[in-house]
Amino acid sequence: SAVRFTMLYELQKHLPVHIRWVGWPGIYPENHREEEKCRQVCLEHDCIPVFVNKRDMTHYLSFCGQFLRPLFYNSSLFTQQTSEWDREQWLNFAKVNRAYSDAVVRSMAESNLVWVHDFHLILTIAQIMRKMR
């Protein structure tokens, strides 16, 4: 993945392309002030943070790891035990994808190219398209 991101930065140097990153900053701000401080630091680096609470992120990551990863990688780990559908994890997975699509739509113009990376954000694409109509 790092190689692909480096390629995007190099592309930006040689073509009239502006790249803006949208993603979870890896922290859980405790208040609005911390969130705004993080947002400002991120914006200085062309990043738009997506803030998700710890509980939602835990369920989101569990759904990705326990259900989607084995499914997409045709893993032998996808057994009856790991393939059970957890409704709460699914709802939080959809909620986190919605948070990403909201952040993308707020910051984009209709002519922008959007690159959604990895299966973790599989719902984000459809959500962005619905919101842009």
Side-chain angles (χ1 to χ4, degrees):
S1 289
V3 172
R4 282 180 243 166
F5 299 142
T6 303
M7 288 172 27
L8 288 174
Y9 273 120
E10 289 301 316
L11 179 67
Q12 182 172 302
K13 290 179 187 177
H14 303 289
L15 295 174
V17 176
H18 179 79
I19 296 173
R20 184 172 294 141
W21 304 91
V22 177
W24 179 59
I27 63 168
Y28 304 102
E30 293 184 20
N31 55 50
H32 184 68
R33 186 173 174 214
E34 283 184 9
E35 197 172 289
E36 278 308 306
K37 186 176 180 180
C38 179
R39 189 180 318 281
Q40 289 306 314
V41 170
C42 288
L43 287 174
E44 291 171 13
H45 300 280
D46 286 324
C47 297
I48 299 170
V50 176
F51 297 109
V52 179
N53 70 49
K54 195 171 194 171
R55 181 182 173 279
D56 290 344
M57 183 57 79
T58 299
H59 284 291
Y60 164 80
L61 293 172
S62 293
F63 184 79
C64 291
Q66 295 172 6
F67 188 81
L68 289 181
R69 181 178 306 273
L71 180 66
F72 279 99
Y73 289 99
N74 196 22
S75 173
S76 60
L77 299 175
F78 194 71
T79 63
Q80 182 64 31
Q81 183 181 12
T82 60
S83 64
E84 290 182 20
W85 189 266
D86 185 312
R87 181 168 170 71
E88 187 173 10
Q89 287 180 356
W90 163 252
L91 292 173
N92 283 283
F93 175 77
K95 183 178 180 180
V96 170
N97 272 259
R98 240 183 341 273
Y100 272 85
S101 66
D102 290 345
V104 169
V105 170
R106 275 193 308 269
S107 66
M108 70 180 282
E110 191 172 318
S111 63
N112 289 154
L113 172 66
V114 177
W115 177 336
V116 177
H117 188 77
D118 215 348
F119 66 86
H120 294 85
L121 299 172
I122 197 166
L123 299 179
T124 300
I125 301 162
Q127 292 167 346
I128 290 170
M129 292 176 67
R130 261 187 251 124
K131 292 173 186 184
M132 292 302 292
R133 286 187 191 154

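Numbering of residues begins at 1 and proceeds along the displayed sequence.
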- Task: Please round to the nearest 0.5 Å and tell me the distance separating atom CZ of Arg130 and atom CD1 of Ile125.
- Result: 11.5 Å
- Query: Can you say whether the rings of Tyr28 and Trp24 are parallel (under 30°), tilted (30 to 60°) or perpendicular (over 60°)?
  - Reply: tilted
- ILVMFWY cluster, Val50 and Met57 together (side-chain gap under 4.5 Å): yes
- Message: Strictly below 4.0 Å, N to O, side chains only: are Arg33 and Glu36 in salt-bridge contact?
- Response: no
- Query: Does Val52 share a hydrophobic cluster with Ile27, counting links as ILVMFWY side-chain heavy atoms below 4.5 Å and allowing steps through other members?
  - Reply: no
- Item | Hydrophobic cluster membership, Phe51 vs Val22, 4.5 Å side-chain cutoff | no
- Task: Report yes if some heavy atom in the side chain of His59 is under 4.5 Å from a heavy atom in the side chain of Lys95; otherwise report no.
- Result: no
- Query: Does the Asn112 side chain pair with the main chain of Val114, one donor and one acceptor, at a distance under 3.5 Å?
  - Reply: no
- State, to 0.1 Å, how close Ala94 and Gln127 come at their nearest heavy-atom pair, and which atoms those are. O-NE2, 3.9 Å
- Quick one: do Leu68 and Phe93 satisfy side chain to side chain contact (heavy atoms under 4.5 Å, CB included)? Show the steps, please. CA-CA 11 Å; Leu68 289 181; Phe93 175 77; 3.5 Å; yes
- Query: Is atom NZ of Lys37 surrounded by more than 12 heavy atoms (other residues, nucleotides or ligands) closer than 6.0 Å?
  - Reply: no
- Transitively linked via ILVMFWY side-chain contacts under 4.5 Å: Ile19 with Leu113? no
- Scanning both residues in full, the closest heavy-atom pair of Ile48 with Ala103 reads CG2-CB, 4.4 Å
- Note on the structure: Leu123 and Asn97 have their tightest heavy-atom pair at N-OD1, 3.2 Å
- Query: Shared ILVMFWY cluster between Leu91 and Tyr100, side chains joined below 4.5 angstrom?
  - Reply: yes
- Query: Judged by atom type as modelled, is there a donor-acceptor pair below 3.5 Å linking the side chain of Asn92 to the main-chain atoms of Gln89?
  - Reply: no
- Task: Run the numbers on Lys131 and Arg98 for side chain to side chain contact (heavy atoms under 4.5 Å, CB included), then give the verdict.
- Result: CA-CA 10 Å; Lys131 292 173 186 184; Arg98 240 183 341 273; 4.2 Å; yes
- Message: Please find the pair of heavy atoms, one from Ser107 and one from Arg20, that lie closest to each other, and give the distance.
- Response: O-NH1, 3.0 Å
- Message: Around atom CE of Met129, are there more than 12 heavy atoms from other residues, nucleotides or ligands closer than 6.0 Å?
- Response: no
- Heavy-atom count around Glu30 CD within 6.0 Å, excluding the residue itself: above 12? no
- Message: Does any part of the side chain of Phe72, heavy atoms only, come nearer than 4.5 Å to the side chain of Ile122, both counted from C-beta?
- Response: yes
- Note on the structure: In terms of heavy-atom contacts, Pro49 and Cys42 come closest through CD-CB, 3.8 Å
- Considering only heavy atoms from C-beta outward, does the side chain of Phe119 approach that of Arg69 to under 4.5 Å? yes
- Item | Ile128 versus Ser101, closest heavy-atom pair with distance | CG1-CB, 3.7 Å
